[in-house]
Amino acid sequence: MPELPEVEVARRSVEAWLGGQVVIHAELPASRVVRGNGLAGALVDRRIVEVQRRGKWLRLGLDDGRALFSHLGMTGKWVRRERSTPKLPYERARLDGKSASVRYLDPRLFGRLELFAEGEAPRAFDELGPDPLLDGLGGLGAALAKTSRPIKVALLDQTLLAGIGNIQATEALWRARLDPRQRANRMTKAEVKRLARGLLATLAYTLSVEDSDEISYVEEAGADNPFRVYGREGEPCPRCKAALTRLVQAGRSTFYCAACLKPSDGDRP
DNA sequence: AACGGAACCTGAAAGC
DNA sequence: TGCTTTCAGGTTCCGT
């Protein structure tokens with residue numbers, strides 16, 4: 001379930017569990033997720049000196065300059081267990097520090113774990129656009145001007161803006177009263193500004209929701225939907241009560257309120 | 001160069 | 001109830 005806010009929560013957790021610690025035991029058998037052989041051997045006795053996030057990527061920096069990059073895909077998550085806890089379902093990797101045994105779980109195997117030499121990184125990581133929380137959104141207008149794709153589709157392009165996924169894009173557009181079908185390069189300055197505010201608002205909101213139970217990190221089966229419009233086709237718009245519309249763009253669902261889109265002001269670039 | 005769509009996996013939810 | 005279909009918050013590859 002990882003977009004920027006969830007990955008940030010994962011970062012804080014992994015940092016708390018393993019930051020500054022020496023890896024005393026590791027299991028990372030090669031798989032679709034774990035790229036390369038011998039990762040466990042390379043990690044044991046190394047100290048994890050920092051845990052960073054950029055977009056949807058985590059970077060665990062080691063004391064030898066190398067770094068373990070982690071992408072959670074659709075279903076990846078890091079959890080902490082007792083060292084005596086046996087292998088969990090869908091456990092793909094394990095890193096044990098002195099006080100924590102940290103497991104990477106990933107049923108669908110869309111995630112990725114890979115070790116890189118100092119100064120190197122996955123290509124997708126190197127190509128990330130600005131991260132809204134790390135870099136701010138000052139460059140949003142310039143990024144969006146690069147493409148004529150619909151704004152909703154453009155927001156999912158990690159090279160334009162890092163960390164935004166289907167839910168955050170959907171929620172931000174609703175907050176900004178923008179039509180998801182509007183072309184990215186046709187946004188007015190006022191619209192870009194509204195979008196930037198919408199993005200920061202939904203990121204902050206989601207972060208606050210997700211962060212509330214980071215200690216237990218409990219599985220929530222059937223937890224209720226905390227989002228304003230995502231997954232709420234036909235339900236009343238929280239602002240104007242009109243029924244929300246679902247639309248598919250580039251194979252991804254978008255939800256919006258056709259009734260409270262803000263009319264364009266004609267100030268086209 | 002840029003775009004839509006399928007593919008990669010598994011499980012939960014909806015549909016019948 | 002139980003079987004079948006649809007859908008899922010990710011990226012990547014492939015054909016147009």
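Here is the naming used below: chain letters follow the sequence lines, and residue numbers restart at 1 for every chain.
The separation between A:F255 atom CZ and C:dC7 atom P is 11 Å, rounded to whole Å. The nearest whole Å value for the distance from the CD atom in A:E6 to the P atom in C:dA8 is 16 Å. The nearest whole Å value for the distance from the CD atom in A:E233 to the C1' atom in B:dA13 is 15 Å. Put simply, CG on A:L105 is 15 Å from P on B:dT10, counting in whole angstrom units. Distance, A:D106 CG to C:dA8 C1': 14 Å, rounded to whole Å.
For the ring pair (Phe, Tyr, Trp, His ring centres under 6.0 Å) test, residues two or more places apart in sequence or in another chain that qualify with A:F69 are A:F116, A:F125.
Taking atom P in both B:dA6 and C:dT6, the straight-line distance is 13 Å, to the nearest Å. Distance check on atom P: C:dC3 versus B:dC9 gives 26 Å, rounded to whole Å.
The backbone N or O of A:N225 lies less than 3.5 Å from a partner atom in the side chain of A:R232, making a donor-acceptor pair. In this structure, the side chain of A:S208 engages the main chain of A:Y205 through a donor-acceptor pair within 3.5 Å.
Seen from the ring of A:W57, A:R11 does not count as a face-on cation partner, given the 6.0 Å and 45° thresholds.
Nucleotide B:dA7: paired with C:dT11 (Watson-Crick or G-U wobble, both distances less than 3.5 Å).
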Distances under 3.5 Å between nitrogen or oxygen atoms of protein and nucleotides 10-14 of chain C:
residue	atom	partner	partner atom	Å
C:dG10	OP1	A:K56	NZ	2.7
C:dG10	OP2	A:N166	N	3.4
C:dG10	OP2	A:R252	NH1	3.4
C:dG10	OP2	A:R252	NH2	2.3
C:dG10	O4'	A:G73	O	3.2
C:dT11	OP1	A:H71	NE2	3.4
C:dT11	OP2	A:K56	NZ	3.3

Every protein N/O within reach of nucleotides 2-6 of chain B N/O, cut-off under 3.5 Å:
residue	atom	partner	partner atom	Å
B:dC3	OP1	A:T147	OG1	3.2
B:dC3	OP2	A:R149	NE	3.0

Trace of the salt bridge (charged side-chain N to carboxylate O under 4.0 Å, His left out) decision for A:D63 with A:R46: CA-CA 6 Å; A:D63 59 2; A:R46 299 274 57 79; 2.6 Å; yes
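Nearest heavy atom pair, residue A:L4 against residue A:A162, reads CD1-O, 3.8 Å.
Note that CG of A:L160 and CG of A:L140 are 9.5 Å apart. Values are rounded to the nearest 0.5 Å. Interatomic distance, A:D106 CG to A:R112 CZ, rounded to the nearest 0.5 Å: 13.5 Å.
Both A:V23 and A:L115 belong to a common hydrophobic cluster when Ile, Leu, Val, Met, Phe, Trp and Tyr are linked at side-chain heavy-atom distances under 4.5 angstrom.
OP1 or OP2 of B:dC9 has not a single side-chain nitrogen or oxygen of A:T75 nearer than 4.0 Å.
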